[in-house]
Number of protein chains: 2
Amino acid sequence: MSRGVSLVYPIPRIMSTEIPLARHLSIVLRHHYATMNDQLRPLGLLVAQVPILLRLSAGQNLTQESLARHFHFDKGAVARAARGLEEAGFVRREVDPGDRRAVRLFLTSAGEALVPEIRRINREWEIRVTEGLDPEEQAAFRSLLGRVASTCLDGRCCRD
Amino acid sequence: MSRGVSLVYPIPRIMSTEIPLARHLSIVLRHHYATMNDQLRPLGLLVAQVPILLRLSAGQNLTQESLARHFHFDKGAVARAARGLEEAGFVRREVDPGDRRAVRLFLTSAGEALVPEIRRINREWEIRVTEGLDPEEQAAFRSLLGRVASTCLDGRCCRD
DNA sequence: ACGCAACAGTTGCCCGGTCAACAAAAAGCG
DNA sequence: CGCTTTTTGTTGACCGGGCAACTGTTGCGT
């Protein structure tokens, strides 16, 4: 595979028309869960909690609802992740005084202290699984995947 | 975006460095489950059973173990999918006479009758989610994803 | 002020998939 | 042949994430 993106793509060893696209997606995603959780568990975390934790490190005092919207997560998923983070002592949850329906999240000092390590672990996984691609291919993969994901989100209204 | 694969990729609306790669994978994969199951349920099927069913349509009398190996599925997942297919009347399970540990799977006539429709539904989903990509981009995406998945499978031995 | 619709969060349940433990059968070895 | 190791399938538990139902709160229209 020469430098840059070629119009001719080699067929990877496990790639065939009989292995569905979704299966490949699942293989990668499951690898993510397993690999990440192996490293996160000793820290008292699970992978579902990582996006919330990292998002809060970039700016606190966010409602669960805004996090759900940001990551395109189901509200229930965010609630559970936030609860887990609270129970582990990494996040403080406070009812919004101006809107008693809303819960606002803040990192504790224990949570803050964890952020560099979680960032490293997170980044490390992405580097590892894309290490077989050159930089342009990596960018291409990210972009194409993002566009497919975008179509899925747009397609939600067409599912009925 | 001109025809063919360009070295410059547009940034999709939801694409940003703060949305992790894994989240995009999950968005697509969850869309797959939801969309497929919406259509499969009225037929008495679930998406987890589709690979098994379609593989059997290409050649029957396969052991569960060979199916697990082929799709890189966990044995338990295949056993459960096969069981579901049997209970729905689409598959017959028989203990291998030459190796009493092994279970061999055969499509019933009801199962055979279902295959064209399942193929259509399956193919339709892939077409839909990649419709925002031109043919070269689709090929690129498939190839890149396959290579990433391949790395994950190869990387399994490095997880310890 | 009141009633209704919309919203934020909680919780139950479901699904897809994995790891692990286990039992039974087969293979391998001395 | 007997014993040990490996193999195939089963099943429990766990995890990530979605949908749906529900509760309490807020916003909106009359």
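Sequence lines set the chain letters: A, B, ... in the order given, protein chains first and strands last, and positions in each chain run from 1.
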Applying salt bridge (Lys or Arg N to Asp or Glu O under 4.0 Å), which residue pairs with at least one partner in residues 26-37 of chain B are found, sequence neighbours left out?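 Qualifying pairs, neighbours excluded: none.
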
Of all pairs that satisfy salt bridge (Lys or Arg N to Asp or Glu O under 4.0 Å), the ones with a partner from residues 40-49 of chain B, not counting sequence neighbours: none

Measure [atom1]/[X] against [atom2]/[N] and give the value in whole Å, please.
| X | N | atom1 | atom2 | value |
| --- | --- | --- | --- | --- |
| B/Asp96 | D/dG9 | CG | P | 9 Å |
| B/Leu105 | D/dT8 | CG | P | 14 Å |
| A/Asp38 | C/dA20 | CG | C1' | 14 Å |
| A/Leu25 | D/dG16 | CG | P | 19 Å |
| A/Arg100 | D/dG27 | CZ | P | 13 Å |
| A/Met36 | C/dT18 | CE | P | 18 Å |
| A/Leu153 | D/dG18 | CG | P | 10 Å |

B/Glu112 meets the salt bridge (Lys or Arg N to Asp or Glu O under 4.0 Å) criterion, sequence neighbours left out, with none

Partner residues of B/Glu131 under the salt bridge (Lys or Arg N to Asp or Glu O under 4.0 Å) criterion, sequence neighbours left out: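 Partners of B/Glu131 under the salt bridge (Lys or Arg N to Asp or Glu O under 4.0 Å) test: none.
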
Residues forming a ring pair (Phe, Tyr, Trp, His ring centres under 6.0 Å) with A/Phe90, sequence neighbours excluded: none

Evaluate the side-chain proximity of B/Leu21 to A/Phe141: yes if any heavy-atom separation is below 4.5 Å, no if none is.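 SC-SC contact between A/Phe141 and B/Leu21 confirmed.
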
Nucleotide-resolved protein contact map, nucleotides 7-17 of chain C, B/S/- at heavy-atom distance under 4.0 Å: BBBBBBB-SBB

